[in-house]
Amino acid sequence: MKQLKFLLCPNSPFVWDGNGFSQCFDDLVLGFGINAASIAVICIVGIMRRRARTNWTVKFSEKALLHSIAVIGACLSCVDAILLVKKKLHGDFVLYHELLFRFSHFMVWATIVFSLRCACFQHIFCNMVLCIWWTIKPLFGIPHLQKAFSSMEVLDCLKESSVLFLDIMFCVSINCIRIKQASASSSPMEDSLLCAEMDIEEGCHRDSRRMQGCWDHIVFRSIISVMNSGLGKQLGFDDLLLLPTDMDPSICHEKLLSCWQHQHNNSSSNASLFRAIFSAYGWPYLRLGLLKVFNDFIGFAGPLLLNKLIRFLQQGSGNLDGYVLAISLGLVSVVKSFSDTQYTFHLSKLKLKLRSSIMTVIYHKCLSVSIAERSKFSEGEIQTFMSIDADRTVNLCNSFHDMWSLPIQIGVALYLLYTQVKLAFMAGLAITILLIPVNKWISELIASATEKMMKLKDERIRRTGELLAHIRTLKMYSWEILFSSWLMDTRSLELKHLATRKYLDAWCVFFWATTPTLFSLCTFGLFTLMGHQLDAAMVFTCLALFNNLISPLNSFPWVINGLIDAFISSRRLSRFLCCSEQKPELEQKAKFQPSFSNEKYDLVSNDMVVVMHDASCAWSSDNEDQNLVLNHVTLSLPKGLLVAVVGEVGSGKSSLLNSILGEMRLVFGSIYSSGSVAYAPQVPWILSGTIRDNILFGKNLDSQRYADVLEACALDVDISLMAGRDLAYIGEKGTNLSGGQRARLALARAMYQGSDVYLLDDILSAVDAHVAKWILQNAILGPLVEHKTRILCTHNVQAISSADMIVVMERGHVKWVGNSSDLAVSAYSGFASVNEFDASYIHSKLYSTNTSYMDKQSPLLENNTLDVPLEAQDIIEAEQRKEGKVELIVYKKYAGFAGWFISVVILLSAILMQASRNGNDLWLSYWVDTTGISQGKYSTSFYLDYFLARFTELVAQYQRTSYSELVASLWLSLRLQLLAASIISFIAVMAIIRSYGSLPISFGTPGLVGLALSYAAPIVSLLGSFLTSFTETEKEMVSMERALQYMDVPQEELCGFQYLNSSWPFEGVVEFQNVTMKYIPSLPAALNDITFTIARGTQVGIVGRTGAGKSSVLNALFRLNPICGGRILVDGLNIVDIPVRDLRARLAVVPQSPFLFEASLRDNLDPLWMSNDEKIWDVLEKCHVKEEVEVAGGLEAKVKEAGTSFSVGQRQLLCLARALLKSSKVLCLDECTANVDTQTASILQKTISTECQGMTVITIAHRISTVLNMDNVFVLNQGTLVEEGNPNALLQDESSIFSSFAKASTM
């Protein structure tokens, strides 16, 4: 054994030689042993898989690549072995272990070449075992590479580098083929069939992508077609690159959603979005880490080759090693360029997939959770989830790899520094270690400031959304400045924490940015004090290594901050995604529930459509909040009936519908329902789009049903008068529609769906009597829904009398259930008859007339057919799209907003920073050149699928744009980096040529050559960084450009020269003189040459069909829209001459859409604190809402966002109380009692009559009873005043239009 050991390892220890593994151990164990194991693995896998059959083939280009690598490897190892044999034959001493190692290396490549000729080669080399083995194998070659570089022999360095490079290339190739095969086999068989069909009709884009060669992918050639298109025109979506299949947002969504659901099902209380992300994308991400390792390590080859090149220039040798070194330096830069761009490309693709996954999962969750669950989060928080938190979680992809990569880069750089300056580098290392606890402390402060800032950001976004959503109402109240000040206060607090974070960031960056300078100063200083002399090769190698340290050291604090932000955001997202979702089968059970027999459950599917058993529900999702809105409700609703739900304001009617929908938290009991459900809410929700889009809502167009629905909902008249008919574009939230039109549009959408159950929440209150009667007879009772279950919350007497079943609600309880005939003799007969005005006055005066008159007053046109255009009539001005680069004026304005002083200081600081760095390097080159020795130098819902599909389509457009942008930027980045590599090669080769004396010009000393090369090397990253910074700046400036464009939108005229006395208006006389108003110049006039006068102290009612222009009168009076002609006088003053905020502040109004904001109830009623609590309570009592306020917690009770803690009727009463507190001489009421029951409305009318004595009251109403006791009434039709007079006199005139309205209200 000793003889064998002596024969194999003469004069050498077998394992350790004092400085590392011995050469014998390297060659025998890490060389020959690993090669023998590789041959064994190939043979074993080949024998086991020799009979395997497959339905996939390796492309010719892939097979050729494997053959090329194997043949080159075999040739190199064969030449190496032949040279060793030749050396031994010539009598030179050759070690046996070296011969064994070289011949075994040749045998490995020979085995691979032979195996590639087998029919089952893909099963051999795509086997998981072999792929894993070949991933590990290159690591055993590192000791050989290290010894070669320490020997200072150029050819040995190149030989070992080539061997290791070929191993890595073969590893990457077989793993890529295996991954591609795995993804192809996992895709469904239908893909190929679909693609074959698509190939005939559409060209099969997916196959065209797969047909691209490997080289095309590496150099990003696919973007050239897009660039050619961009030369001749502005690019559109159709010109962009097609998305790879794995980047399709729907696939990404399903992938992450399934992983999250698995995570949530296994650990609902401790579910983590981070773990779900790792399950979905973890392994592809970790595989990218291998490429990053290669990319990081090859970055250190540059400084080592630079060291050898400068030493060569110092020695002035005449051999060819100099050319080899110069060319190798350029080739390393080329390889680094390709590996760097490929890593960036695949990482960016993964980030795009992750971002689309997170956004679609959040959107899916928003559609799936109930209103009660969503109450845990404000609208601002949810918007922040979709934008900021999603981005920060995605940025984890950068930070996580950098977290382990940067310490490795720093460690390797420090080791290489040790080889240059020995222990002197410990001085610099000590500086680095001392800064670690400082940065940790700063990072903790940054995390704290970030968390506080995010909470305030949520609040700011919520306030901004609230302000924008209700801006019309805020302007009528003249509260813009008040709300803006609240918003700015929130923003100021947010900026305070943001400034704290940025100052901490600055200190963090300062410490880490100064580290390389302190490092070099301490290292070279200590090295000199130790008695060593600096030379160019050592100094510029160290400087190159310092340059490699700058990026990791500067990036490390940002990586830490990024990880902190990502984990904070992922926790926030996990908390939101853990919210319970609505059950799609509409079966709800409380945690503690009574027994529920199977027989009763069978009733649901057979006879009953809804069964509620002892159900108690609350709006809050907090288990500690037991404020029950529905209290122990037991109710069974049969199929196919019209069920009317009645009750006073706040009795729980809307809550009953929402409990059936599953939007409330079921505290106790159970709720069962069956069949599909369509819902028309009390406050209509309108989609931005055409009228047709709003009605179809993703369903296919059935022309006959569509026309029937329009006719039943009395929409055909309105549509016929619109430009574009049913393809007319509706603005956001239906701003260009009247309240009645919005309500009918929501009803039409529900009816078109053809559901089994219709939940209709007070849809008749927003329309006039004529249209309400038509809708009741033709829609609710019409043939379209005749045999369907209709649950209608209403105050309309005609609807109540027509119902098959009536449910009376009171304070959250079901007090009575029966039919209309029984209701008339019950204790709740008040709901079955009209109020005292209708019963005693209208009935006696009108029923003597001929009711056949009503047949002639159909609200519909005779021609019900719709002649629709082919394209939508867009009445919303599209956002302008500028072409070309961002204009210089944008940068100028940005600097102006930031402050010219700070902008100049930042610019000068950047210039001085770079100048000082360059001066320091230049001085160092001079220093090492003047030491006497030549020396040198060194970057839910029913329409869930519909909405999710629309959102996914938008995300796909974003993905496609981002993907095209990514490929284009990397196309240019690669070419810039290759240009930098050419510069490096040119400088190095010219320096070598000059060293031979072959050039007439001098390139200076080796120190200057080292300085030039150390500056040329970072050009690879600096050019890419410059490109990225420039494009990102241009992209960010587009936001600035859009903000400037929005600032240029004409603002309303606020100023006026007319001074107002503090008690104006004195009398309240309002005059309209030939007033014409248009909302948009291209649309018909909303008010057409209207003239009327309202005397002081009189009460006037304005009635008319929905869309007649009633609310437009108030819009003109409050100057919400400018009038086109005529003038409006208040107490003899033209309102155009009055400052608009002063005008609005002197008028009191109750808007059509009641508005409450998130604050205390007292702030909602009197935000300017002009009244005392006693007066507020008095007004609340007069408005019959005092008791509800006391139950809610008094004046300091917290009002939820948009006032959802109160019913719509209660919100109207609170808005009325707010208007009465103002004590203005002019009070405008826009349907202020539309959503309250008739009895409460009657009492409120008495209150208004008594409390508003001497005030001018302008009331817009649909209930005729509301205006019967008023002094005058105006009847509008299509923006024209068609009738005016005393309501009593008009009632007695059978031919009057007002009389026809009164008849419709009682029939």
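- Of all non-hydrogen atoms in Leu329 and Ala988, the two that sit nearest each other are CD2-CB, 4.4 Å.
- For the pair Lys292 and Phe294, the cation does not sit on the ring face, since its NZ or CZ is not both under 6.0 Å from the ring centre and inside 45° of the axis.
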| Residues Ser38, Trp134; criterion side-chain contact (heavy atoms from CB on, under 4.5 Å); working and verdict | CA-CA 8 Å; Ser38 300; Trp134 224 274; 4.3 Å; yes
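- For the atom pair Ile82 CD1 and Ser77 OG, the distance stands at 9.5 Å (nearest 0.5 Å).
- Within the 4.5 Å cutoff, the side chain of Asn295 has no heavy atoms near those of the Gln342 side chain.
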| Would Leu347 and Cys397 satisfy side-chain contact (heavy atoms from CB on, under 4.5 Å), going step by step from the backbone distance to the final call? | CA-CA 8 Å; Leu347 182 65; Cys397 294; 4.0 Å; yes
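- Val332 and Ala301 make their closest contact through CG1-CB, 3.9 Å (heavy atoms, listed as atom of the first residue, atom of the second, distance).
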| message | For a side-chain contact (heavy atoms from CB on, under 4.5 Å) check, start with the C-alpha distance between Ser104 and Val108, then their side-chain angles and the critical distance, and finish with the verdict. | response | CA-CA 6 Å; Ser104 68; Val108 170; 5.7 Å; no
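- The backbone N or O of Val219 lies less than 3.5 Å from a partner atom in the side chain of Arg975, making a donor-acceptor pair.
- Phe103 has its ring centre no less than 6.0 Å from the ring centre of Phe32.
- Separation of atoms CZ (Phe170) and CG (Leu65) is listed at 9.5 Å; rounding is to 0.5 Å.
- Val559 and Asp402 make their closest contact through CG2-CB, 3.6 Å (heavy atoms, listed as atom of the first residue, atom of the second, distance).
- At distances below 3.5 Å, not a single donor-acceptor pair connects side-chain atoms of Arg221 with backbone N or O atoms of His217.
- The minimum heavy-atom distance linking Ser973 with Thr341 is given by the pair OG-CG2, 4.4 Å.
- Counting heavy atoms from C-beta outward, Tyr285 and Phe278 have side chains that stay 4.5 Å or more apart.
- By the 4.5 Å heavy-atom criterion applied to side chains, Trp109 and Leu76 are not counted as neighbours.
- In this structure, Ala981 and Ser333 approach most closely via the heavy-atom pair CB-CB, 3.5 Å.
- Under a 3.5 Å cut-off, the side chain of Ser348 and the backbone N or O of Phe345 do not form any donor-acceptor pair.
- Atom CZ in Arg102 sits 10.0 Å away from atom CG in Asn35 (nearest 0.5 Å).
- The distance from atom CG of Asn395 to atom NZ of Lys351, rounded to the nearest 0.5 Å, is 5.0 Å.
- For the pair Tyr343 (side chain) and Leu288 (backbone), a donor-acceptor distance under 3.5 Å is absent.
- Annotation: the span from His67 atom NE2 to Ile112 atom CD1 amounts to 11.5 Å, rounded to 0.5 Å.
- For the atom pair CG (Leu354) and NZ (Lys255), the distance works out to 10.5 Å, reported to the nearest 0.5 Å.
- The closest side-chain heavy-atom distance from Lys137 to Ile34 is below 4.5 Å.
- Not a single donor-acceptor pair under 3.5 Å links the side chain of Ser399 to the backbone N or O of Leu396.
- Residue Trp404 qualifies as enclosed at atom CH2: its count of foreign heavy atoms under 6.0 Å is above 12.
- The aromatic rings of Phe527 and His532 sit parallel, their planes meeting at an angle under 30°, below the 60° perpendicular limit.
- Scanning both residues, Cys542 and Gln420, for their nearest heavy atoms gives SG-CB, 3.7 Å.
- With His401 contributing its side chain and Leu286 its backbone, the two residues share no donor-acceptor pair below 3.5 Å.
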| side-chain contact (heavy atoms from CB on, under 4.5 Å) between Phe297 and Ile408, worked out | CA-CA 9 Å; Phe297 276 102; Ile408 291 177; 4.2 Å; yes
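- Residues Ser222 and Asp216 form no side-chain contact, since every pair of their non-hydrogen atoms from C-beta on lies 4.5 Å or further apart.
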